[in-house]
Colleague: 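Here it is: the structure, laid out below.
We count residues from 1, following the sequence as given. Keep in mind the model is a prediction, meaning the values are calculated, not measured.
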Amino acid sequence: MLTKYYVSIRSKWDHYVGKNEKGAQALEWIALGMLVLAIMGAIAATMEGDTSMGQAVKTQLAKMINSLGG
């Protein structure tokens, strides 16, 4: 009886979780995006009021974008 119950639960679990790789991959990308946002937020919080670093980052980003354009 317990074996039948285990097989029933296991097959449902495999159907929803084990066999569906798209859901797991989406969660990984969401977690990665949240990590990047958290790091950016921490950097922004530590540089509050420091415009020299912000200007340097802005200049470097502008250079990179302009080099991609041509």
Colleague: Does Ile39 have any side chain to side chain contact (heavy atoms under 4.5 Å, CB included) partners at least two apart in sequence or in another chain, and if so, which?
Modeller: Leu35, Ile43

Colleague: Within this structure, what is the CD-CD1 distance for the pair Glu28 and Ile30, rounded to the nearest 0.5 Å?
Modeller: 10.5 Å

Colleague: Hey, could you give me the CE/CG distance between Met34 and Leu27, rounded to the nearest 0.5 Å?
Modeller: 11.0 Å

Colleague: Which ILVMFWY residues are connected to Leu32, directly or by a chain of links, through side-chain heavy atoms under 4.5 Å apart?
Modeller: Trp29

